[in-house]
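The structure appears below as structure tokens.
Predicted model only: the values in this text are computed from it and were never measured.
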Amino acid sequence: MAKTELRTEVEIAAPLSHVYRVLTDFGSYPEWNPFLTAVSGTLAVGQKLSVELSLPEGKTYLLEPQVTRVTENSELRWSGRFVSSALLEAEHFFLLTERAEGRTRVVHGQNFSGFLLRFAGNSLTLAARGSVYMDQALKKRAESTR
């Protein structure tokens, strides 16, 4: 089965708890997030979210992933599938770590697997670019609102 992992990292000059608050304030996403342009739902394991994912120079997808992990000030994960996990499964995650002097490191990733990956083409490149754009926007938002 085909698998692909996308990973980006950003270091933010803001305390961990503040970065986590910005990241989990889904209602504010339309104001600053160019990649996950709208997210709604309850951030609790087992709950479904409604996610609007906008690829740079590409399409907007409406997704309904299930929250798989929420660890306050540390980790968020959700995953979804297209028809079945054998066809396409996607996991989106954020790992936050406290750094020295009130800084926070965010690892932002997406794991994809399934038969349909071989046909993803340019979409994975655009998703990787979208993640970088989101990281930079998160950095700007967190640093300007603390």
task = Would you mind reporting whether R7 and F93 have side-chain heavy atoms less than 4.5 Å apart?
result = yes
query = Quick one: CD on E75 to CG on L96, what's the gap to the nearest 0.5 Å?
reply = 9.5 Å
remark   = Separation between OG1 (T8) and NE2 (H108), nearest 0.5 Å, reads 5.5 Å
query = Is V132 reachable from L36 through a run of I, L, V, M, F, W or Y residues, each pair having side-chain heavy atoms under 4.5 Å apart?
reply = no
inquiry  = Ignoring hydrogens and geometry beyond distance, is a side-chain donor-acceptor pair present between T68 and S79 at under 3.5 Å?
reply    = no
inquiry  = For V70 versus V45, what's the shortest heavy-atom pair and its separation?
reply    = N-CG2, 3.9 Å
request  = Answer yes or no: is there a side-chain heavy-atom contact under 4.5 Å between F112 and H92?
outcome  = no
inquiry  = Do V106 and I12 have side chains that approach each other closer than 4.5 Å (heavy atoms only, starting at C-beta)?
reply    = yes
message = Do V67 and L43 have side chains that approach each other closer than 4.5 Å (heavy atoms only, starting at C-beta)?
response = yes
task = Any salt bridge (charged side-chain N to carboxylate O under 4.0 Å, His left out) involving residues 98-107? Give me the pairs, sequence neighbours left out, ordered by first then second residue.
result = E9-R105, E11-R99, E11-R103
query = Going hydrophobic residue to hydrophobic residue with side-chain gaps under 4.5 angstrom, can you get from W78 over to L88?
reply = no
ask   = Do the side chains of V10 and W32 join up, straight or via other hydrophobic residues, at under 4.5 Å, putting them in one cluster?
value = yes
Residues T37 and S54: side-chain donor-acceptor under 3.5 angstrom = yes
inquiry  = When you compare the side chain of Y20 with that of L76, does any pair of heavy atoms fall below 4.5 Å?
reply    = yes
request  = Start with the C-alpha distance between L55 and L53, add both sets of side-chain angles, then the distance that settles side-chain contact (heavy atoms from CB on, under 4.5 Å), and finish with yes or no.
outcome  = CA-CA 6 Å; L55 294 178; L53 184 143; 3.7 Å; yes
query = Hey, are the side chains of Y29 and L23 touching, using non-hydrogen atoms and a 4.5 Å cut-off?
reply = yes
ask   = Which residue pairs pass the salt bridge (charged side-chain N to carboxylate O under 4.0 Å, His left out) test with at least one member in residues 131-143, sequence neighbours excluded?
value = E31-R141, K139-E143
key: Pairwise side-chain contact, S74 with L95, heavy-atom cut-off 4.5 Å (strictly under)   = no
Least distance between heavy atoms, L49 atom then F26 atom = CD2-CE1, 4.2 Å
request  = Kindly write out the residues that satisfy salt bridge (Lys or Arg N to Asp or Glu O under 4.0 Å) with E64, not counting sequence neighbours, or none if the list is empty.
outcome  = none
request  = With sequence neighbours left out, write down each residue that passes salt bridge (Lys or Arg N to Asp or Glu O under 4.0 Å) with E52, or none if nothing qualifies.
outcome  = none
inquiry  = I'd like to check the ring pair (Phe, Tyr, Trp, His ring centres under 6.0 Å) partners of F35; sequence neighbours left out, ordered by chain and number.
reply    = none
ask   = R21 and N73: side-chain donor and acceptor closer than 3.5 Å?
value = no
message = Do L6 and V107 land in one hydrophobic cluster if side-chain heavy atoms of ILVMFWY residues count as linked below 4.5 Å?
response = no
request  = Could you check if a side-chain atom of Y61 sits within less than 4.5 angstrom of a side-chain atom of S123, using non-hydrogen atoms only?
outcome  = yes
note = Nearest heavy-atom approach of S131 to Q110 is OG-NE2, 2.7 Å
key: Minimum-distance pair of heavy atoms, taken over all atoms of A142 and A14   = O-CB, 4.0 Å
remark   = Sequence neighbours excluded, the answer for ring pair (Phe, Tyr, Trp, His ring centres under 6.0 Å) partners of H18 is none
inquiry  = Against E91, only a single residue in R77, R69, K3 fulfils salt bridge (charged side-chain N to carboxylate O under 4.0 Å, His left out); can you say which?
reply    = R77
